[in-house]
Amino acid sequence: MKVNKEQFKRMKRNEFVRTAIEYVDTGVVITDPELPDNPIVYANEGFEKLTGYTSEEILGFNCRFLQGKDTDPGTIAELRDAINKEKKVKIELKNYRKNGQYFWNELQIYPVHIESENQTYFVGVQQDITKRKEAEERSDHYLDEVKRLSTPIVPIDRNVSIVPLVGKIDEERIELLLHHVSSHIQKSGDEFLILDLSGVSHFTSELHKGVYQLHQLIKLMGAELRITGIRPDFVLEGIQADFSLSSVKSFPSVKHALKNIDDSSSIN
């Protein structure tokens, strides 16, 4: 067959592309949607290193063999939808190597139309992002711990716990307070909760509303609220607000609140 100059350039260019793809560390596969089940028709060395499978083991199969018990079905549905619509997509999903070990896969799918064949192929580029995802998970865990510690609940007796609030109390911390307290009372069965406000830096209408909501919440759960450490600005804020705390007993300190609870228990 006689090859003209343009065909020779195209062949050399294709050869260069194939060589470049073979030597990159990133996993690359090409699938053919014209064949049943959109199977892999090409996999580079980077994909073999990433997954532990050889090309001979996977050619002719759909890439779903990388999925496992913890692969998110919602992400798979997003991927399937993009392939059906022949759209570019970038997702992160948990996949599994041949030895069963999981890895986080940053997968990008590109539909590539080859005019000379009048056909579209899918090129999948896969990057191992396990270290980054695990670092993010640790960060999220630490953040959750910080949030939890921002609204600590300290059990001091079989039926009494104290929540010492410190610093600025914003809407987010109030939501965390309501969530943590309700969960704690449900599990512990506490009869009294002492909310100590002596460490609060600034009293706001949001805080006053939050204390009112807390009072209503634990009352419905069969417990009683005691407030300690209030200052005049909290009282003034309450006068301006529409949330009355007149039915909540308040005390100068936690010590006084505990004595009141002990006295009440002795009478009963």
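For reference, positions follow the sequence shown, starting with 1. Because only heavy atoms are used, hydrogens play no part in the values below, and waters and symmetry mates are left out as well, while side chains stay in.
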Is [X] linked to [Y] within one hydrophobic cluster, defined over Ile, Leu, Val, Met, Phe, Trp and Tyr using a side-chain heavy-atom separation of less than 4.5 Å?
X	Y	result
Tyr42	Val112	yes
Leu50	Leu66	no
Val125	Ile114	yes
Val163	Ile227	yes
Ile40	Ile30	no

Begin with the C-alpha distance, continue with both residues' side-chain angles, and end with the deciding distance and a verdict on side chain to side chain contact (heavy atoms under 4.5 Å, CB included) for His113 and Asn118.
CA-CA 7 Å; His113 185 74; Asn118 191 28; 3.8 Å; yes
Under 3.5 Å donor-acceptor, [X] side chain and [Y] backbone:
X	Y	result
Asn62	Asp37	yes
Asp81	Ala77	no
Ser188	His184	yes

Could you check whether Glu48 and Ser55, counting side-chain N and O atoms only, form a donor-acceptor pair closer than 3.5 Å?
yes
Any chance the side chains of His256 and Ser253 put a donor and an acceptor closer than 3.5 Å?
yes
So, do [X] and [Y] sit near enough that their side-chain heavy atoms are less than 4.5 Å apart?
X	Y	result
Thr51	Phe65	no
Pro39	Phe61	no
Tyr102	Asp70	no
Leu214	Leu193	yes
Thr31	Ile83	no
Leu220	Gln216	no

Which pair of heavy atoms, one from [X] and one from [Y], lies closest together, and at what distance?
X	Y	answer
Arg173	Lys168	NH1-O, 3.0 Å
Gly210	Ile174	CA-CG2, 3.7 Å
Pro164	Pro152	CD-O, 3.5 Å
Arg97	Phe103	NH1-CB, 3.5 Å
Leu107	Leu79	CD2-CD2, 4.0 Å
Thr75	Glu92	CG2-O, 3.8 Å

Would you sort out whether Val28 and Phe47 count as a side chain to side chain contact (heavy atoms under 4.5 Å, CB included), showing the intermediate values?
CA-CA 6 Å; Val28 178; Phe47 182 84; over 6 Å; no
Got a sec: does the CD of Glu117 have more than 12 other heavy atoms crowding it under 6.0 Å?
yes
Start with the C-alpha gap between Glu45 and Lys49, add the side-chain angles, then the distance that decides, and say whether side chain to side chain contact (heavy atoms under 4.5 Å, CB included) holds.
CA-CA 6 Å; Glu45 187 175 337; Lys49 291 180 179 178; 3.3 Å; yes
Applying side chain to side chain contact (heavy atoms under 4.5 Å, CB included), run through Ile185 and Leu217 and close with a yes or a no.
CA-CA 10 Å; Ile185 291 179; Leu217 174 64; over 6 Å; no
Any residue meeting side-chain contact (heavy atoms from CB on, under 4.5 Å) with Lys98, in chain and number order, not counting sequence neighbours
Tyr53, Glu57
side-chain contact (heavy atoms from CB on, under 4.5 Å) partners for Asp32, two or more places apart:
Glu34, Leu35, Val41, Gln119, Tyr121
